[in-house]
Amino acid sequence: MDKKVRVRYAPSPTGFLHIGNAQSALFNYLFAKHFGGTMVLRIEDTDLARNVEHGEESQMKYLHWLGIDWDEGPDKPNPKYAPYHQTERNKKGIYKKYIDQLISEGKAYYDYATEDELQQMREEQKKNGEAPHYDGRWYHASEEDIAAAKAKGIKPSVRFHLPKNHTYEWNDWALGKVEFNSDNLGGDFIIEKNNGMPTYNFAVVVDDHLMEITDTLRGADHIANTPKQMAIYEALGWEHPHFCHISLIFNPATGKKLSKRDKNTLQFISEYHREGYLKEAIFNFIAFLGWSPKGEQEIYSKEALIKAYDPHRMSKSPAFFDQKKLDWINAQYIKKTDVNDLVDRIMVLIHEQETEIAKKLNGLGYSDDQMKDVILRTVHVHQHDVNKLTEIMEHAYFYATVLDHDMDYSGLKDFDHDDTLKVLQGLKDAVKDQPDDTDPQTYLNLIKQVGKDVAVKGRNLYFPLNITFYGHSSAPQINEIMAIYHPATIVKLLDKAIAAL
RNA sequence: GACCCGUUGGUCAAGUUGGUUAAGACACCAGCCUUUCACGCUGGUAACGUGGGUCCGAAUCCCGCACGGGUCACCA
């Protein structure tokens, strides 16, 4: 790289951060960090009507949560490039200057066509089997026509005049060589709306140039925009950045681009957070959506990804969203995350109360310390067998409310009545005077001792205990589950089981 | 419809200059471990859309076809 790398993630605040946004932000981040460059956050808010309240704030919040931090942006302005909102840049006349320049050079012109008129034009073209395109009707407009339109009070938009039969070609990091003919671009396109706002294709060029962006990484849905933008770079006499089109994320169920309407897939990063996915897992997973490293390793920390990142390895074909793989990656991260760290993260989820299970746990009325205690004990048992933090929460809720559950004791009948009674009775005697913080090892010793005393072992010893304390003959290490409960609870569970014998 | 892009096992995905026993992961199955479940470990099944070329040799290059997708806004 001869120039200092500068990249940008440029969301429009028309919604909350979804997987596709995060993917785009993430690759820009990896690119910047890998090459020791600068990541810029720019807000493309030129569509006044579609801007969503709190959209920007929420996007920034979840970008930070994921660990995608930018070096420059609305909250970290560099005076040389600020401001970072396109609406503010428009107020400063940044776009107007270049619009005027293009008009005076005859490369852009006013268009007085109304939206209805344009709509009608496109429909007719479609009917005739033509590709919808602007026919250039105002390019050669006469003085009279213009005067008449002005007299009617029509506010014009500004169109960029596309050269005829001109080839635009670029070398894409992901795609390699791509070329378009200017005749297939849909005709002259609008660069300034009649409300004075620049359109995306124009603003993005001006801003990327002024902000000295060296590499533009964006979704593959922008491929067809690229030649239009190149036309503007050319008209303004600027060099265009190196482009990279990130493969789109597909829904395996529909075979189409992940859509906000796909109910079976979580769309928003906030949803992954509240469902108990770790940010490290999401980061790792998304990095593999449209890119892959050289070796066989699947689990990569952020730092490792930054190091391994190579834009040449961006893939061309669509990236399919593999939910099971995500769950597996999340499970890997849960396994290797420190127990207390997991407890803290779960406490955050409980406090946020954004899921049913979080609300249920909250409804227990526990103090923070009590809650942490239950969660910690549960994490010890389940850290290695869950995919999501919410599953640990479900388990914790079960243990916290175990006495309220109707246990299925029918399985007890599969074992010798007298032996089982002796085991349960013996364990009750052994447990009733144990302190609250009795550890799993002690409980294991107690179980073994009771087994020895009454001469019962193996599954005849353990299965009834599984049923008694867990409700199923198959359970995790039953002594560990006992350590979650308080001895008084254990005694009550034993009483219930004995009564059911 | 036009223009671009893509097509490797059930799923995801390596295979940058043509020569590989065509990686790896998830899922699945089996065995081991375990009181059981899960975890873990070991092993296994399984793939180059199609038809033509070029070449000693094609998953890799060329052409056609099929299928899938993206884009054709005063949205970004």
Side-chain angles (χ1 to χ4, degrees), chain A residues 10-15 44-47 49-51 86 111 113-115 118-119 122 125-134 155-159 172 174-176 178-181 183-187 189-201 203-204 218-228 245 247-248 250 252 255-257 288-289 292-299 310 312-313 315-329 331 335 381-386 447 451 457-467 470 472-478:
Chain A
S12 61
T14 53
E44 310 213 325
D45 53 356
T46 52
D47 187 348
R50 288 176 61 219
N51 288 345
Q86 290 187 328
D111 173 20
T114 62
E115 290 201 51
L118 293 171
Q119 181 73 29
R122 279 191 290 265
Q125 289 165 340
K126 257 187 172 167
K127 216 168 57 188
N128 298 336
E130 291 174 65
H133 64 281
Y134 181 72
K155 277 173 121 183
S157 57
V158 178
R159 270 182 202 272
D172 198 286
L175 271 19
V178 185
E179 63 171 60
F180 279 82
N181 187 294
D183 294 347
N184 294 324
L185 266 28
F189 57 94
I190 291 180
I191 54 177
E192 185 185 283
K193 307 176 202 175
N194 68 184
N195 67 359
M197 279 292 170
T199 56
Y200 165 75
N201 276 318
V204 80
R218 79 245 285 207
D221 47 344
H222 284 292
I223 292 173
N225 284 323
T226 302
K228 295 183 187 178
H245 289 93
S247 63
L248 265 16
F250 276 35
K256 289 184 170 46
K257 182 168 90 157
F288 279 69
L289 251 25
S292 63
K294 199 152 175 59
E296 294 168 5
Q297 191 181 332
E298 304 273 337
I299 302 297
D310 175 359
H312 292 288
R313 297 184 64 82
S315 80
K316 306 182 182 195
S317 42
F320 281 81
F321 189 92
D322 188 344
Q323 180 68 49
K324 285 196 174 146
K325 186 77 166 270
L326 204 210
D327 285 350
W328 177 79
I329 290 178
K335 285 190 227 304
V381 177
H382 291 288
Q383 178 177 21
H384 295 279
D385 63 26
V386 296
I447 292 170
K457 59 181 181 179
R459 53 181 58 202
N460 292 321
L461 172 63
Y462 286 96
F463 275 30
L465 297 182
N466 287 350
I467 293 168
Y470 194 71
H472 300 281
S473 54
S474 294
Q477 297 296 316
I478 205 62

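So you know, we letter chains A, B, ... as the sequences are listed, proteins then strands, and number each from 1. Bear in mind the structure is a predicted one, so any value in this text is a computation, not a measurement.
- Between R459(A) and U34(B) there is no side-chain polar atom (N or O) within less than 4.0 angstrom of OP1 or OP2.
- Proximity of K193(A) to the phosphate of A76(B): a side-chain N or O atom is located under 4.0 Å from OP1 or OP2.
- Checking C75(B) for Watson-Crick or G-U wobble geometry (two distances, each under 3.5 Å) identifies no partner in any strand.
- Across all strands shown, U60(B) forms no Watson-Crick or G-U wobble pair with both distances under 3.5 Å.
- When the side-chain nitrogen and oxygen atoms of R122(A) are compared with OP1 and OP2 of A73(B), one or more of them lie within a distance under 4.0 Å.
- Nucleotide C65(B) is matched to G49(B) when pairs are restricted to Watson-Crick or G-U wobble geometry with both distances under 3.5 angstrom.
- Pairing for G44(B) goes to C28(B), judged as Watson-Crick or G-U wobble with the two contacts each under 3.5 Å.
- Nucleotide U36(B) forms no Watson-Crick or G-U wobble pair with any nucleotide shown, as no partner meets the under 3.5 Å limit on both distances.
- Nucleic acid contact class of A10(A) (heavy atoms, under 4.0 Å, all strands): none.
- In the set A25(B), A76(B), G69(B), the nucleotide with an atom closest to the side chain of N225(A) is A76(B).
- Geometric assessment of R159(A) against the ring of F189(A) yields a negative cation-pi assignment under the 6.0 Å and 45° thresholds.
- Comparing A14(B), C26(B), U35(B) against the side chain of K324(A) picks out C26(B) as the nearest.
- T46(A) has a side-chain polar atom (N or O) that falls below the 4.0 Å cut-off from OP1 or OP2 of A76(B).
- When the P atom is compared between C5(B) and G10(B), the two are found 28 Å apart, to the nearest whole Å.
- Nucleic acid contact for H382(A): none, since no nucleic acid atom lies under 4.0 Å from a heavy atom of the residue.
- If you check every strand for non-hydrogen atoms under 4.0 Å, A224(A) touches sugar and phosphate atoms only.
- The residue F463(A) sits close to a base: some heavy atom pair falls under 4.0 Å.
- Listed nucleotides: C75(B), G69(B), C74(B). Nearest to the side chain of R50(A): C75(B).
- Taking 4.0 angstrom as the limit, K316(A) places none of its side-chain polar atoms (N or O) nearer than this to OP1 or OP2 of U7(B).
- If you check G70(B), A23(B), C12(B) against the side chain of D221(A), the one that comes closest is G70(B).
- Judged by distance alone with a 3.5 Å cut-off, no donor-acceptor contact links the side chain of D322(A) to the base of C26(B).
- With a cut-off of 3.5 Å on both Watson-Crick or G-U wobble distances, the partner of A23(B) is given as none.
- Comparing A76(B), C12(B), C72(B) by their closest approach to the side chain of P132(A) singles out C72(B).
- Dashed line: the shortest gap from a side-chain N or O of T14(A) to OP1 or OP2 of A76(B) is not under 4.0 Å.
- Residues I329(A) and F288(A) are not in side-chain contact: their nearest non-hydrogen atoms beyond the backbone lie 4.5 Å or more apart.
- Across all strands shown, F288(A) has no heavy atoms under 4.0 Å from either base or sugar-phosphate atoms.
- Under the Watson-Crick and G-U wobble criteria, each requiring two contacts below 3.5 Å, nucleotide G70(B) is paired to C3(B).
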